[in-house]
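One structure is given here, and the rest of the page talks about it.
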Amino acid sequence: MENTFWDSNLFQTIIMIVSVLATIGIALCQYRNHKRKELKNAATILLLQIDDIERNIEYIMSEGIINGVLQEGHIHYSAIICEENQWNKYSHLIVGSVTQETFEKIDAFFKVAYRIREQQIYIKQKIQQSIDSKVWHYYNAAYAQVANLDDSIQPIKAIHQKFNSASVPPFIQMEFAIGLEKTLKQYHRLSDGVAYMELKKLR
């Protein structure tokens with residue numbers, strides 16, 4: 001009995017080709033959707049970090065340094081500019097999806113933010129050293145009283161009051177204030193410009 005077309009090798013080959021093409025098509029669609037989602041997530045994360053960075057830098061600009069003088073309390077309690085550089089993590093996804101000018105502006109923004117962050121961390125470390133030194137001297141004075149006197153409660157209270165009322169500013173080299181001011185002058189808001197809006201369109 002003769003094979004019909006439906007039972008032929010040609011038909012089976014056509015079915016196999018169609019099946020392979022369909023599988024490739026589905027895989028390509030899934031890949032494109034995954035890439036689109038990855039890009040959208042990257043843009044969202046970057047926009048959130050840009051907003052945080054701007055808020056943190058502008059706090060330092062308004063409260064952390066006034067007329068070239070570091071405001072130790074404000075710097076000490078200021079939030080770190082950013083913990084992790086999301087731009088380093090996601091820039092490879094953004095390249096090609098925005099104009100070169102936008103890419104360069106975002107890149108420059110993050111570089112400046114990290115230079116300011118370095119200065120901020122150096123200053124915070126110096127302030128912390130000052131606090132640690134004050135605490136060390138407090139305990140040194142308090143324990144000296146304990147060793148020398150039977151009734152040490154009143155003298156320790158007096159030491160406690162003296163240390164609380166003493167306002168010894170931390171020694172922070174002038175270079176830190178100059179360095180911070182210099183890097184702050186390089187800062188420009190990104191959220192007011194075209195680059196930010198272009199990044200926003202990727203969400």
Side-chain angles (χ1 to χ4, degrees), residues 35-137 167-203:
K35 283 292 173 191
R36 206 174 292 123
K37 192 177 178 183
E38 213 176 18
L39 180 63
K40 187 179 174 181
N41 289 344
T44 302
I45 289 165
L46 287 170
L47 288 164
L48 287 170
Q49 186 165 57
I50 288 164
D51 292 342
D52 275 349
I53 287 171
E54 288 184 346
R55 192 167 36 255
N56 294 337
I57 289 176
E58 284 161 23
Y59 175 81
I60 290 173
M61 287 174 82
S62 64
E63 304 293 334
I65 189 161
I66 297 170
N67 298 325
V69 179
L70 290 170
Q71 308 301 306
E72 288 91 4
H74 291 293
I75 296 274
H76 179 64
Y77 291 108
S78 65
I80 295 292
I81 300 299
C82 60
E83 294 298 338
E84 186 182 0
N85 189 333
Q86 299 296 340
W87 179 245
N88 281 348
K89 203 171 174 181
Y90 295 113
S91 60
H92 69 283
L93 296 173
I94 303 299
V95 69
S97 299
V98 294
T99 62
Q100 182 157 349
E101 187 183 355
T102 288
F103 188 89
E104 286 170 3
K105 279 188 177 176
I106 297 169
D107 189 61
F109 173 85
F110 275 90
K111 281 177 181 166
V112 167
Y114 258 73
R115 283 197 286 272
I116 295 168
R117 180 184 184 271
E118 281 176 4
Q119 296 298 321
Q120 179 196 27
I121 287 170
Y122 291 147
I123 294 165
K124 275 177 169 281
Q125 286 169 347
K126 291 293 177 189
I127 294 168
Q128 190 58 51
Q129 283 173 8
S130 165
I131 293 166
D132 292 343
S133 180
K134 185 175 181 178
V135 169
W136 184 86
H137 281 90
S167 180
V168 180
F171 176 70
I172 300 170
Q173 294 95 316
M174 198 170 64
E175 288 80 7
F176 285 121
I178 293 166
L180 182 60
E181 264 196 319
K182 189 178 174 182
T183 50
L184 285 171
K185 282 177 185 170
Q186 297 168 12
Y187 165 77
H188 300 287
R189 278 178 74 86
L190 197 67
S191 59
D192 293 339
V194 176
Y196 187 85
M197 295 310 294
E198 208 175 321
L199 191 58
K200 223 171 178 180
K201 286 176 187 173
L202 300 178
R203 285 197 307 180

Pairing donors with acceptors under 3.5 angstrom, does anything connect the side chains of [X] and [Y]?
X	Y	value
T102	E198	yes
Q129	Q125	no
Y196	D51	yes
Y187	E58	yes

Practice problem: Measure the spacing between NZ of K124 and CZ of R117 and express it to the nearest 0.5 Å. | Solution: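 Atom-to-atom, K124:NZ and R117:CZ are 11.0 Å apart.
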
Decide yes or no for [X] and [Y]: does some side-chain heavy atom of the first lie under 4.5 Å from some side-chain heavy atom of the second?
X	Y	answer
K200	L47	yes
I106	L46	no
N56	I80	no
T183	V112	no
H74	Y59	yes
S97	L39	yes

Quiz item: Which residues satisfy the salt bridge (Lys or Arg N to Asp or Glu O under 4.0 Å) test with E181, sequence neighbours excluded?
Solution: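 E181 satisfies salt bridge (Lys or Arg N to Asp or Glu O under 4.0 Å) with no other residue.
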
Self-check item: All salt bridge (Lys or Arg N to Asp or Glu O under 4.0 Å) counterparts of K89, not counting sequence neighbours
Solution: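 K89: salt bridge (Lys or Arg N to Asp or Glu O under 4.0 Å) contacts with E84.
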
Self-check item: Carboxylate-amine/guanidinium proximity below 4.0 Å for D107 and K111
Solution: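 Between K111 and D107 there is a salt bridge, with a charged N closer than 4.0 Å to a carboxylate O.
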
Exercise. Verify the neighbour count for atom CD of E63: are there more than 12 heavy atoms of other residues, nucleotides or ligands below 6.0 Å?
Key: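 Yes.
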
Quiz item: Step by step, would you call H76 with Q128 a side-chain contact (heavy atoms from CB on, under 4.5 Å)?
Solution: CA-CA 8 Å; H76 179 64; Q128 190 58 51; 3.5 Å; yes

Quiz prompt | W87 and F103 aromatic ring geometry - parallel, tilted or perpendicular at 30°/60° bounds | solution =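 The arrangement is tilted - the two ring planes meet at 30° to 60°.
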
Self-check item: Candidates N88, L190, I53 - the one meeting side-chain contact (heavy atoms from CB on, under 4.5 Å) with F110
Solution: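 That would be I53.
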
Practice problem: Go through the steps to decide whether N41 and L93 satisfy the test side-chain contact (heavy atoms from CB on, under 4.5 Å), and finish with yes or no. | Solution: CA-CA 10 Å; N41 289 344; L93 296 173; over 6 Å; no

Quiz item: Partners of R115 by side chain to side chain donor-acceptor pair (under 3.5 Å), sequence neighbours excluded?
Solution: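 Result, side chain to side chain donor-acceptor pair (under 3.5 Å) vs R115: Q186.
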
Exercise. Begin from the C-alpha positions of Q71 and I65 and carry the test side-chain contact (heavy atoms from CB on, under 4.5 Å) through to its verdict.
Key: CA-CA 6 Å; Q71 308 301 306; I65 189 161; 6.0 Å; no

